[in-house]
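Bear in mind that the values here come from a model prediction, so they are computed numbers and not experimental data. Both ligands and their constituent atoms are indexed starting at 1 by order of listing. In this chain, numbering begins with 1 at the start of the sequence shown.
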Amino acid sequence: MQEHIFVLTGAGVSAESGLGTFRDKKGEGIWQKFDPMKLATPEAFARDPESVLAFYDARRRNLINAKPNAAHFALARLERALASRGGRLTLVTQNIDDLHERAGSKEVIHMHGELLKARCQRCGAVRFWPDDIKPSYVCPHCGSAGSLRPHVVWFGEMPLSMDEIDQALRLADLFVAIGTSGAVYPAAGFVAEARAYGVPTFEINLEAADNAYCFDEARYGPASETVPAWVEELVGG
Ligand code: BV8
C-alpha cells in the first residue's frame, strides 16, 4: 500500500450528507442559485455585508443538522490505517463544512476556510463560531464592532496553507481527487502539479470532472459507495 496518500475533496463528498454542491446538471448548485460574485467575494461583503452574512448563516444552520456519510468515515479509517503502518494521509478539503472532522479525521487542511469559524477583519482573531454572524456583532478579542466575517476564502482571496499543500503534493505516493468538478483554481491545478512531480493520479467522482483528462485512473459513482470500496481495497484484511 502507498505510504503517503494526498486526498483532495470537494462538495461531492458532502453531497449525500445533504449539503449542496456548487454546480450540478440539474442547475440546482449553490452557485447556480446564487451569484458567487455577489456573495463570495470581499467586494460583495464590503458592498452588502447583510446579504453575504445571511447567505452564510443559512448554510451554517444547514450544516449543524447535517451528518457525515460513509465517504467521510472511510477517509477517517484510511488516516488511521496509514498512520498505523508508519504512513500518512494528507487530507485537503475545499469544503468549509466540518464533516471530515465529525467522522473522525484528525488532520484536515481546509484550504477554503471553515464555516464554523469567524474571523475579525480588524485584529485577525479566528475563533469557533457556530452561530449567526450579524454586522453589529463585536469581536470578543479586540472589541471592534462590525468587523466579524466568516473564516472562509472568497473568490480573489488567497487560499490557506498553500505552502504545506505544495510540500505534501511533492512527497505524495498517490494523489486522489474526490467529488470535485475541477472548476476552481488553484485547487483544480493540484492534479497537474502532482503529475509534474511524477505522482500517480486517481479521480473518484460522480462523473468526469472538468480536468478528468489529467488523471491516470478514475472510478465513478456516489462517494458513499466508491470511497469506502476504495479504502477497503487499500486497507481491508
Ligand atoms: C485565488 C469557499 C489567487 C466559499 C470557494 C477572477 C477574479 C478573481 C479570481 C479569479 C478570477 N478568475 C479566476 C480566478 C481564480 C478563482 C477561480 O478559480 N475562479 C473560477 C470560477 C474560474 N479562484 C480564486 O479566486 C481562488 N483564489 O485564485 O487567489 C491565488 C491563486 C493561487 C495562489 C495564491 C493566490 C479562491 C477560490 C476559493 C473560492 N471559495 N469556497 C464558499 O464555500 O462559499 S469555491 C467552492 O467552489 C469550493 O470551495 C470549491 O473550491 C469550488 C468548486 O467546488 P467543488 O468542491 O468542486 O464542487 P462542485 O459543485 O463544483 O462540484 C461537485 C462535484 O461533486 C462534481 O464533480 C460532481 O460530479 C460531484 N458529485 C456530486 N454528487 C456526488 C459527487 N461526487 C461523488 N458523490 C456524489 N454523491
Side-chain angles (χ1 to χ4, degrees), residues 7-45 51-60 62-63 66 68-72 74-75 92-100 109-117 119 133 149-166 169 176-193 203-212 215 218-230:
V7 170
L8 171 70
T9 61
V13 83
S14 298
E16 292 162 88
S17 296
L19 299 186
T21 59
F22 293 93
R23 303 156 186 84
D24 69 21
K25 293 268 178 282
K26 299 189 291 294
E28 286 158 12
I30 297 173
W31 295 149
Q32 288 151 324
K33 283 189 284 202
F34 300 98
D35 177 356
M37 291 306 148
K38 288 208 180 69
L39 287 166
T41 65
E43 296 76 17
F45 183 61
S51 299
V52 173
L53 291 175
F55 173 59
Y56 285 94
D57 288 350
R59 288 173 65 190
R60 195 179 296 104
N62 190 30
L63 171 55
N69 65 62
H72 296 107
L75 290 170
V92 177
T93 187
Q94 301 169 86
N95 302 338
I96 59 177
D97 64 57
D98 65 336
L99 297 181
H100 282 304
I109 298 175
H110 283 274
M111 66 177 289
H112 290 161
E114 298 175 70
L115 185 54
L116 296 181
K117 288 184 178 169
R119 182 169 83 235
I133 301 178
R149 59 168 278 182
H151 181 51
V152 161
V153 176
W154 285 325
F155 288 98
E157 294 186 322
M158 173 89 86
L160 308 173
S161 310
M162 290 298 288
D163 292 344
E164 186 183 352
I165 289 170
D166 183 61
L169 268 178
V176 189
I178 301 176
T180 180
S181 63
V184 172
Y185 289 83
F190 290 169
V191 59
E193 279 181 59
E203 177 189 23
I204 300 181
N205 210 340
L206 188 63
E207 53 213 0
D210 296 358
N211 57 0
F215 291 88
R219 195 174 296 185
Y220 298 123
S224 65
E225 293 164 22
T226 49
V227 180
W230 169 62

Considering only heavy atoms, which of G12, P159, S17, A11 lies nearest to atom 79 (C) of ligand 1?
-> G12

Counting distance only, does the side-chain N/O of E225 pair as donor-acceptor with the main-chain N or O of P222 below 3.5 Å?
-> no

Heavy atom of protein inside 4.0 Å of atom 52 (C) of ligand 1, strictly below = yes

Check whether any side-chain heavy atom of E203 sits under 4.5 Å from a side-chain heavy atom of V191, and report yes or no.
-> no

E16 heavy atoms within 4.0 Å reach ligand 1 at atoms 78 (N), 79 (C), 80 (N)

Shortest protein heavy-atom distance from atom 21 (C) of ligand 1, along with the residue and atom involved = F155 CE2, 4.0 Å

Is there a donor-acceptor pair under 3.5 Å between the side chain of S14 and the backbone N or O of S17?
-> no

By number and element, which atoms of ligand 1 are closer than 4.0 Å to a non-hydrogen atom of N205?
-> 65 (O), 66 (C), 67 (O), 68 (C), 69 (O), 70 (C), 76 (N)

Of all heavy-atom pairs between L206 and Y220, which one has the smallest distance, and what is that distance?
-> O-CB, 3.8 Å

Protein heavy-atom partner closest to atom 76 (N) of ligand 1 - residue, atom, separation in Å | L206 N, 3.3 Å

Return yes if some donor-acceptor pair links the side-chain N/O of N95 with the main-chain N/O of D97 below 3.5 Å, else return no.
-> no

Can you find a protein heavy atom closer to atom 36 (C) of ligand 1 than 4.0 Å?
-> yes

Under 4.0 Å from atom 10 (C) of ligand 1, is there any protein heavy atom?
-> no

Rounded to the nearest 0.5 Å, what separation is found between the CH2 atom of W230 and the CD1 atom of I204?
-> 5.0 Å

Could you establish whether A40 and ligand 1 come within less than 4.0 Å of each other, counting only heavy atoms on the residue side?
-> no

Can you tell me if A187 has a non-hydrogen atom under 4.0 Å from ligand 1?
-> no

Numbered in order shown, the ligand 1 atoms found under 4.0 Å of a heavy atom of V184 are 18 (O), 37 (C), 47 (O), 51 (O), 52 (C), 53 (C)

Any heavy atom of Q94 under 4.0 Å from ligand 1? The part involved is both

Residue pair P186 / M162: nearest heavy atoms and the distance that separates them | CG-CE, 3.5 Å

Hey, is the main chain of T180 close enough, under 3.5 Å, to the side chain of Q94 for a donor-acceptor pair?
-> no

Is ligand 1 less than 4.0 angstrom away from at least one heavy atom of R59?
-> yes

Atoms of ligand 1 less than 4.0 Å from A223 heavy atoms?
-> 77 (C), 78 (N), 79 (C)

Which ligand 1 atoms, with their elements, are less than 4.0 angstrom from a heavy-atom of E207?
-> 69 (O)

Measuring from N211:CG to Y185:OH, what's the distance to the nearest 0.5 Å?
-> 6.0 Å

Short version for T180: what comes under 4.0 Å of ligand 1, heavy atoms counted, is both

On a heavy-atom basis, the closest approach of A71 and A223 is CB-O, 3.6 Å

So which protein heavy atom does atom 20 (C) of ligand 1 come closest to, and at what separation?
-> A183 O, 3.6 Å

Does F22 reach ligand 1 with a nitrogen or oxygen that is under 3.5 Å from one of the ligand's nitrogen or oxygen atoms?
-> yes

Does the N or O separation between G179 and ligand 1 drop below 3.5 Å for any pair?
-> yes

If we number the atoms of ligand 1 from 1 as shown, the ones under 4.0 Å from a heavy atom of M158 are 34 (C), 35 (C)

H100 vs H72 aromatic rings, parallel, tilted or perpendicular, using cut-offs 30° and 60°?
-> perpendicular

Are any non-hydrogen side-chain atoms of L63 and L99 less than 4.5 angstrom apart?
-> yes

Between F155 and P36 the two heavy atoms that sit nearest each other are CE1-CB, 3.6 Å

Looking only at protein heavy atoms, which one is nearest to atom 25 (O) of ligand 1, and how far off is it?
-> G156 N, 2.6 Å

Looking only at protein heavy atoms, what sits closest to atom 54 (O) of ligand 1 is R23 NH1, 3.3 Å

Test item: protein heavy atom less than 4.0 Å from atom 3 (C) of ligand 1 = no

Any donor-acceptor pair under 3.5 Å from E16 side chain to S224 backbone | yes

Supply the atom-to-atom distance F34 CZ to F55 CZ, rounded to the nearest 0.5 angstrom.
-> 5.5 Å

For the student: nearest non-hydrogen atoms of H151 and L160, plus distance = NE2-CD1, 3.9 Å

T93 to T9 - nearest heavy-atom pair and separation = OG1-OG1, 2.7 Å

Would you say atom 13 (C) of ligand 1 has a protein heavy atom nearer than 4.0 Å?
-> no

In the protein, which heavy atom is nearest to atom 15 (C) of ligand 1, and how far is it?
-> Y185 O, 4.4 Å

May I ask you to list the atoms of ligand 1 that are less than 4.0 angstrom from any heavy atom of Y56?
-> 4 (C), 42 (C), 44 (O)

Give the residue and atom name of whichever protein heavy atom lies nearest to atom 5 (C) of ligand 1, and the separation in Å to one decimal.
-> H112 ND1, 3.8 Å

Just need the protein heavy atom nearest to atom 29 (O) of ligand 1, so name the residue and atom and give the distance.
-> E157 O, 3.2 Å

Please identify which atoms of ligand 1 are closer than 4.0 Å to at least one heavy atom of V153.
-> 2 (C), 4 (C), 5 (C), 38 (C), 39 (C), 40 (N)

